[in-house]
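Since the structure comes first, as structure tokens, the remarks are kept for the end.
Side chains included, hydrogens not; waters and symmetry mates left out as well; all remaining heavy atoms used.
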Amino acid sequence: MPTSRRTDISVIETEITFEPQRARTPLKFGAVVVESLPFCRVRVRVQNAGGDVADGWGGIFVMDQWGWPDPSVSHEEKQRVMRRTIESYAQLVNSHSGFAHPIDLFMELEDDLVRISREACAAEQVATEQPLLNALVCASPVDAAVHDAFGNVNGIDSYQGYGPQFMDDLSRWLGPQFRGEYPEQYIRDRYLPKVPVFHLVGGLDKLTRAELDDTDPDDGLPNCLADWIAYEGVYCLKVKLRGNDLEWDIDRTIAVHDIGREELNRLGIDRMHLTADTNEMCESPEYIVEMLHRIRERSPECFDRILYIEQPTGRDLDVHDHDMSAIAALKPVIADESLTTVESFDRAMELGWSGVALKTCKGHSSDMLFAAKAG
């Protein structure tokens, strides 16, 4: 049984709002293009075991295009299912009995999230099951708000609440090898003064000033990669690729590199890093292996600046059980959409993936667990 602490919390109130948002320019990744979507904002009120009360906030874009890219279900149907799942999960958290640490609360409700996800599909008469990844997106703003409230009600930075003073060790969720281990051992004890920011280069983004025309937004912000680098000085670029058009992907990666290098040279910035993400679109690892070999032949400098490859093949690791060692021998290959559970983490490691992408849209609580396993 978990140890009871004065800092443990119980959720006593939840409030959810959905705010329509429109992208300044369309974002293309994988096989989808995102032009507009709702932003879900969640407020929770918690009480700790000592009787103190405080609010916390969380939010996430309700992006079915990423979490549930199945073309057999319409965007409108997915949105209805997601809203229902978010509301049901909030009610679930609100009705959870007793006091708990936020990570324990999230993990204790993991099976219930799967259940309410199925119930939401049934209620909206959607025959296809909502993927777990998409259900996690629905739970994530509530989870984030709970962690925020946990810090507020106990008068601490939430990231200070992941040690033995505030929670039991990780063995309950990660197994006996984590007895005596806590998330605080795997995260920094303070924020870095500066953190590199990645600029995402979408599949439809313009790269050069020669591509600009009168259809671009006239709001004073840049409209091509070259101008964004000049404006922001960003030296980390995440390139969205097609995954089924090898020549385009090779040309695109090298073009992003060359434009980035030219603009950064003007700014006197020597550093530059690239990552490449096909969002599950490759049929096999061989596609990426060939892409990397050919990039190295054409532009050794571009190849050297690639940090890692993100989620090249399908997310279901039982169906897409590819051996990733050939990619990993060239560049680290990172699981993103595949990472939803502790079991999927272990399966990815068995298949030769190099590491995992931690994203709060899959749950801040699980991020803390995965950070420890990754460490």
Side-chain angles (χ1 to χ4, degrees), residues 9-20 32 37-46 56-100 102-147 149 173 314-319 337-344 359-367 369:
I9 58 169
S10 176
V11 178
I12 57 177
E13 183 179 310
T14 58
E15 179 183 16
I16 303 169
T17 57
F18 295 95
E19 304 164 2
V32 301
L37 71 170
F39 185 83
C40 174
R41 193 179 302 278
V42 175
R43 179 187 63 82
V44 303
R45 179 161 293 169
V46 305
W57 292 85
I60 202 68
F61 285 105
V62 188
M63 190 178 285
D64 62 270
Q65 297 95 328
W66 178 72
W68 193 356
D70 182 355
S72 70
V73 184
S74 72
H75 171 63
E76 292 72 23
E77 288 175 311
K78 294 171 186 173
Q79 283 289 307
R80 291 199 301 271
V81 170
M82 291 185 76
R83 287 187 180 225
R84 186 180 288 271
T85 304
I86 293 168
E87 291 163 353
S88 297
Y89 187 76
Q91 293 171 5
L92 191 66
V93 169
N94 205 52
S95 63
H96 185 270
S97 60
F99 295 85
I103 293 177
D104 291 331
L105 175 63
F106 180 83
M107 295 301 292
E108 287 170 9
L109 296 177
E110 191 173 40
D111 291 341
D112 290 294
L113 175 60
V114 174
R115 173 180 57 79
I116 64 172
S117 173
R118 290 172 178 158
E119 290 173 352
C121 288
E124 296 298 335
Q125 298 182 318
V126 174
T128 303
E129 187 171 317
Q130 180 179 201
L132 177 57
L133 178 66
N134 206 63
L136 289 171
V137 172
C138 296
S140 68
V142 181
D143 182 47
V146 170
H147 279 266
W173 306 116
R315 68 184 61 171
D316 188 333
L317 296 182
D318 291 324
V319 175
E337 288 91 342
S338 292
L339 180 66
T340 54
T341 63
V342 173
E343 292 74 22
S344 65
K359 296 184 176 179
T360 52
C361 60
K362 294 186 279 188
H364 183 84
S365 291
S366 54
D367 276 353
L369 299 181

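Smallest separation of non-hydrogen atoms from Leu369 and Met107: CD1-SD, 3.5 Å. Between Asp143 and His364, the shortest heavy-atom contact is OD2-N, 2.8 Å. The two residues Ser140 and Gly363 come nearest to each other via the heavy atoms CB-N, 4.0 Å. Of all heavy-atom pairs between Asp318 and Asp316, the closest is N-OD1, 3.0 Å. The nearest pair of heavy atoms linking Ala139 to Phe106 is CB-CE1, 4.4 Å. Shortest non-hydrogen contact noted between Cys40 and Pro141 is SG-CG, 4.1 Å.
Side chains of Gln91 and Thr14 form no contact here, defined as non-hydrogen atoms less than 4.5 Å apart. Residues Val11 and His96 form no side-chain contact, since every pair of their non-hydrogen atoms from C-beta on lies 4.5 Å or further apart. Between Glu124 and Glu77, every side-chain heavy-atom pair lies at or beyond the 4.5 Å cut-off. Between Pro102 and Ile9 there is a side-chain heavy-atom pair separated by less than 4.5 Å. Side-chain contact check for Glu15 versus Arg45: every heavy-atom pair is 4.5 Å or farther apart. With a 4.5 Å cut-off on side-chain heavy atoms, Leu109 and Tyr89 count as touching. Side-chain contact between Glu87 and Ile16: present, with at least one pair of heavy atoms (C-beta onward) separated by less than 4.5 Å.
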**OP:** Mind running side chain to side chain contact (heavy atoms under 4.5 Å, CB included) on Trp173 and Asp104 for me, showing each step along the way?
**Re:** CA-CA 9 Å; Trp173 306 116; Asp104 291 331; 2.8 Å; yes
Subject >> Working for side chain to side chain contact (heavy atoms under 4.5 Å, CB included), residues His75 and Val32 >> reply: CA-CA 11 Å; His75 171 63; Val32 301; over 6 Å; no
**OP:** Assess whether side chain to side chain contact (heavy atoms under 4.5 Å, CB included) is satisfied between Val137 and Phe61, documenting all intermediate values.
**Re:** CA-CA 8 Å; Val137 172; Phe61 285 105; over 6 Å; no
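Salt-bridge annotation for Glu119 and Arg84: absent, with no side-chain N of the basic residue lying under 4.0 Å from a carboxylate O of the acidic one.
The CD atom of Glu337 sits 5.5 Å away from the CZ atom of Arg315 when rounded to the nearest 0.5 Å. In this structure, the separation between CG on Leu37 and CD1 on Ile60 is 10.0 Å, given to the nearest 0.5 Å. Taking CD1 of Ile86 as the start and CZ of Phe18 as the end, the distance is 4.0 Å to the nearest 0.5 Å. Expressed to the nearest 0.5 Å, how far OG of Ser117 lies from CE of Met82 amounts to 9.5 Å. The CD atom of Glu129 sits 9.0 Å away from atom CH2 of Trp68, with the distance rounded to the nearest 0.5 Å. The CG atom of Leu132 sits 4.5 Å away from the OG1 atom of Thr340 when rounded to the nearest 0.5 Å.
Under the 3.5 Å distance criterion, with hydrogens and angles disregarded, a donor-acceptor pair is assigned to the side chains of Gln130 and Thr85.
Sparse packing is recorded around CD of Gln125, with 12 or fewer heavy atoms of other residues, nucleotides or ligands lying under 6.0 Å away.
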